[in-house]
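Values reported hereafter were calculated over all heavy atoms of this structure, with side chains retained and with hydrogens, waters and symmetry mates removed.
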Amino acid sequence: MYPCDCSFWFCVGTLLLLLIHFGEFANGEWATCSGIVPMSYRNDKISITDFGGVGDGVTLNTKAFREAIYRIEHLRRRGGSLLYIPPGEYLTGPFNLTSRMTLYLARGAMIKATTDVGQWPLIAPLPSYGRGRERPGGRYMSFIHGNGLHDVIITGENGTVDGQGGIWWDMWRRRNLKFTRPNLIEFMNSRGIIISNVIFKNSPFWNIHPVYCSHVVVRYVTILAPANSPNTDGIDPDSSSNICIEDSFISTGDDLVAVKSGWDEYGIAFGRPSHSITIRRLTGSSPFAGIAVGSETSGGVVDVLAEHITLYNMGIGIHLKTNVGRGGVVRNITVSNLYMENARTGIKISGDVGDHPDEYYNRNALPVLKNVVIKNVWGERVQQPGLVRGLKNAPFTDICLSNIHLGGARPWQCSHVIGAAVQVSPSPCAQLTSHHQLGACSSSF
């Protein structure tokens, strides 16, 4: 499905996953969660060129985008409107979407972010973070932004959204950022969102960030950034619910998918968990994690399913991460049918990851992490099979590892964890092999 330099073992692993998928396909169709948001078809169609848009890669089209979307917002056509982006390179500053609209990128169309930092407005920090994620104070508005919206679609014929993040990465490396870098796509307080059949690349910061949202589908997307690009997470559902991520390829400089829910005392006070999240048929590579939860988990993360995942050239295959001061409950996390090749660490569950927004975080706000099932995982060239490190005063409980084969010469490392392991090689640490805890795996068979 995706071009890659795949080694023999990566191709073997992919084939095995396809065989696993075959059981899913046996009834004539793939399992999918995409039905949570019905597709809307717009009868009213306009083109960016109707508003003076010029796809020469040089002309600044911010005014054209804003006028086109203003027209959609205020005419309020029945069923909404579609904004068509024809082939060409359309340079623009950030812009806001509106409800009941489709942003449609034709094959050969590219929306490119301006590299003039002065064109990027500042917006307030997220209340569940209390400040910008990188710097105190506000944050730069995302390139394509939406707040308080419903029934919005970003799709097309695999056109491209290019964040031209190089200038932002350089500012981060030089440590002269004044405010937190912009995301490529961010929806806030929104519902009924579909993002599909688009290539996203070179985000300044996180790529796709639904925050305080519900009923969001991200499907058939490609997300690309250099392996050394800082904090270019692929998809980060944040204090959001009913999220469906399927059939996508992600190769970036940070976690491919990271489920979040707020940062320390601000996330605790805001109190909005992420829940009911499905990640399925994802392929990718990263120097960081493939499937991640956290480390910002202060509102809680509940009911996450990740299955049929193929990873290569990874830092960590599966990473559940939190920290003292986070608070929040992380529970009912299931990862299954995952293949990884060439990973530094296979599975990491850790209670000492991530920084703090300020010195006012509550050191007694300990996270709870429980009811985790990781099963049917196979790895080749995995250096460290697993590290599971809970907190002394908040051990991780009901951890089930089942049918996991990772190889690797190094032993598992564990502390402050209670759980069980069945058919795991190399054999995990004693805390996960006690027969008294086999009940933790009773529901995984």
When you measure from the side chain of [X] to the backbone of [Y], do you find a donor-acceptor pair of N or O atoms at a distance under 3.5 Å?
X	Y	result
S203	W206	yes
Q431	G419	no
S298	D264	yes
R272	S240	no
R181	W169	no
S229	A227	no
T160	D162	no
S274	V301	no
S190	F187	no
S248	E246	yes

With under 30° as parallel and over 60° as perpendicular, where do the rings of [X] and [Y] fit, or are they tilted in between?
X	Y	answer
Y361	H356	parallel
F95	F143	perpendicular
Y104	Y84	parallel

Is there a side-chain contact between [X] and [Y] in this structure, where contact means two heavy atoms from C-beta onward sitting under 4.5 Å apart?
X	Y	value
K375	C400	no
I144	V161	yes
V324	L366	yes
V368	R331	no
I404	I347	yes
I48	P86	yes
W168	L177	yes
L387	W412	no

Work out which heavy atom in [X] is nearest to a heavy atom in [Y]; give both atom names and the distance.
X	Y	result
G163	A113	O-CB, 3.5 Å
R173	N228	NH2-O, 2.9 Å
F200	N207	CB-OD1, 4.2 Å
S285	Y312	CB-O, 2.8 Å
N61	V54	OD1-N, 2.7 Å
F249	S251	CE2-CB, 3.8 Å

Reported [atom1]-to-[atom2] distance for the pair [X] and [Y], which is rounded to 0.5 angstrom:
X	Y	atom1	atom2	result
M110	I199	CE	CD1	8.0 Å
R71	I46	CZ	CD1	5.0 Å
H275	N242	NE2	CG	6.0 Å
R389	Q413	CZ	CD	4.5 Å
N197	E157	CG	CD	9.5 Å
I235	L282	CD1	CG	7.0 Å

Using distance alone, with no hydrogens and no angle criterion, decide if [X] and [Y] have a side-chain donor and acceptor under 3.5 Å apart.
X	Y	result
E296	S261	no
D56	T59	yes
H319	S350	yes
N43	R77	no
S214	S241	no
R135	T180	no

Practice item. Check the pair R280 / L305 against side-chain contact (heavy atoms from CB on, under 4.5 Å), numbers first and verdict last. Key: CA-CA 8 Å; R280 184 183 281 128; L305 170 65; 4.1 Å; yes

Tell me whether [X] is salt-bridged to [Y], with the criterion being a basic N under 4.0 Å from an acidic carboxylate O.
X	Y	answer
R326	E265	no
D255	K260	no
D247	R219	yes

Exercise for review: Decide if atom NZ of K63 counts as having more than 12 heavy atoms of other residues, nucleotides or ligands within a radius under 6.0 Å.
Suggested key: no

Review point. Considering residues, nucleotides and ligands other than R78, do more than 12 of their heavy atoms fall under 6.0 Å from its CZ?
Key: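 No.
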
Review point. Has R66 got its NZ or CZ under 6.0 Å from the middle of the six-membered ring of Y70, at an angle within 45 degrees of the ring axis?
Key: no

Point to revise | Criterion ring-ring contact (aromatic ring centres under 6.0 Å, His included) on W172 and F205, from CA distance to verdict | key: CA-CA 10 Å; W172 179 86; F205 195 51; 9.6 Å; no

Practice item. Evaluate the side-chain hydrogen bond (donor to acceptor under 3.5 Å, both in side chains) criterion for residues S196 and T155: first the C-alpha distance (whole Å), next the side-chain angles of each, then the deciding distance (0.1 Å), finally the verdict. Key: CA-CA 5 Å; S196 71; T155 189; 3.0 Å; yes

Check your understanding: Which is it for E186 and R139 under the salt bridge (charged side-chain N to carboxylate O under 4.0 Å, His left out) test, yes or no, and what are the steps along the way?
Key -> CA-CA 12 Å; E186 181 176 81; R139 59 199 183 104; 2.9 Å; yes

Check your understanding: Checking salt bridge (charged side-chain N to carboxylate O under 4.0 Å, His left out) for the pair D44/R76: CA distance, chi angles, key distance, verdict?
Key -> CA-CA 10 Å; D44 183 51; R76 298 183 179 180; over 6 Å; no

Review point. How would you list, by chain and number, every residue that makes a side chain to side chain contact (heavy atoms under 4.5 Å, CB included) with P127, sequence neighbours excluded?
Key: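 Side chain to side chain contact (heavy atoms under 4.5 Å, CB included) check on P127 returns Y212, F270.
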
Exercise for review: Would you please name every residue forming a side chain to side chain contact (heavy atoms under 4.5 Å, CB included) with S40, sequence neighbours left out?
Suggested key: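 Here the qualifying residues are R42, D151, I153.
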
Practice item. Under the side-chain hydrogen bond (donor to acceptor under 3.5 Å, both in side chains) rule, what do S286 and T252 come out as? Steps first, then yes or no, please. Key: CA-CA 6 Å; S286 165; T252 63; 4.6 Å; no

Point to revise | Candidate pair D355 and R133, rule salt bridge (charged side-chain N to carboxylate O under 4.0 Å, His left out), full reasoning | key: CA-CA 10 Å; D355 55 352; R133 186 59 185 84; 2.9 Å; yes

Check your understanding: Yes or no on side-chain contact (heavy atoms from CB on, under 4.5 Å) for H145 and I123, after CA distance, side-chain angles and deciding distance?
Key -> CA-CA 11 Å; H145 194 78; I123 59 175; 3.9 Å; yes

